Amino acid sequence: MKPDIVLPISTPEGDFWARYTENGLAGIDFPGRRRAVRSHSTPALPKRVKQWHLQATQALKSVLSGRPFKSLPPLDWTEATPFQQKVWRVMLSIPMGKTLAYGGVASRIGNPSACRAVGSACGANPIPVLVPCHRILAGNGGLGGFSGGLQWKRRLLEREKVSFRE
DNA sequence: TCCAATATTATGC
DNA sequence: GCATAATATTGGA
């Protein structure tokens with residue numbers, strides 16, 4: 001497998017990092033986290049990667065400003081397990097401003113008692129914000145957790161006018 | 001193959 | 001309300 005391509009996305013909230021493979025968008029990192037390795041020596045950038053990056057940038061900025069994104073680049077989930085793909089697909093289907101409980105997601109994938117596993121799958125989500133893992137709340141209305149830091153989850157939810165318990 | 005960990009939830013006190 | 005068990009999935013020993 002060829003080395004991944006990492007490109008910065010500048011937003012009012014800071015510089016995110018987008019990671020691409022030959023299949024599509026593979027991951028997003030929050031500003032300062034820099035989990036992915038930066039490649040400042042960008043070789044010839046494939047045309048489609050540029051196009052993906054453009055879409056990803058617009059989508060990210062839209063979400064950060066509280067608006068739904070128009071389009072999304074193809075997502076590379078080839079390394080994910082089938083269960084994780086199911087969970088993330090459910091998350092993508094959650095409309096802006098709506099939330100779902102971990103157990104609710106579990107029900108929608110036909111495994112109501114897999115709420116715990118759903119939490120794990122959310123934590124394993126490599127593409128936060130775009131795959132709206134922040135719209136998953138606990139059953140009692142509390143925030144669950146968030147891989148990139150709960151502060152981001154709070155900020156995103158407030159931006160979507162979602163109320164939650166603390 | 002088994003064991004421990006996890007961004008939960010339901011139950012009993 | 002708080003402590004405890006149960007549940008599905010995953011990753012490492």
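Computed from a predicted model, the values in this text were never measured in an experiment. The chains referred to below are lettered A, B, ... by the order of the sequence lines, with proteins before strands, and numbering in each begins at 1.
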(request) Rounded to the nearest 0.5 Å, what's the gap from SG on A/C133 to CE on A/M91? Could you check? (result) 5.5 Å

Rounded to whole angstroms, how far apart are [atom1] on [X] and [atom2] on [N]?
X: A/E166; N: B/dA7; atom1: CD; atom2: P; value: 21 Å
X: A/I136; N: B/dA7; atom1: CD1; atom2: C1'; value: 10 Å
X: A/Q84; N: B/dT6; atom1: CD; atom2: C1'; value: 13 Å
X: A/N111; N: C/dT10; atom1: CG; atom2: C1'; value: 15 Å
X: A/W88; N: C/dT9; atom1: CH2; atom2: C1'; value: 13 Å
X: A/L100; N: B/dT8; atom1: CG; atom2: C1'; value: 14 Å

Counting side-chain heavy atoms from CB outward, which of [options] is closest to [X]?
X: A/S120; options: B/dA7, B/dT9, B/dT6; value: B/dT6
X: A/R116; options: C/dA6, B/dA7, C/dT10; value: C/dA6
X: A/F83; options: B/dA7, B/dT8, C/dT9; value: C/dT9
X: A/K153; options: B/dA7, C/dA8, B/dT9; value: B/dA7

(message) Testing the 3.5 Å rule here: is there a donor-acceptor pair between the side chains of A/T21 and A/D4?
(response) no

(request) For A/G139 and A/A101, work out which heavy atoms get closest and say how close. (result) CA-CB, 4.0 Å

(message) So if I apply the side chain to side chain contact (heavy atoms under 4.5 Å, CB included) rule between A/Y20 and each of A/R48, A/H53, A/K50, which one comes out positive?
(response) A/H53

(request) Go ahead and name the base partner of C/dT4; Watson-Crick or wobble counts if both distances stay under 3.5 Å, otherwise write none. (result) B/dA10

(request) Examine the base of C/dA8 for any acceptor or donor lying under 3.5 Å from a partner atom in the side chain of A/S113, and report the outcome as yes or no. (result) no

(request) Indicate, with a heavy-atom threshold strictly under 4.0 Å, whether A/A117 touches base, sugar-phosphate, or nothing. (result) base

(message) Just to be sure I understand the rule, does A/G103 reach a base, reach only the sugar-phosphate, or reach nothing, if contact means heavy atoms closer than 4.0 Å?
(response) sugar-phosphate

(request) State which residue, out of A/E160, A/R155, A/R154, A/R159, fulfils the side chain to side chain donor-acceptor pair (under 3.5 Å) condition with A/H134. (result) A/E160

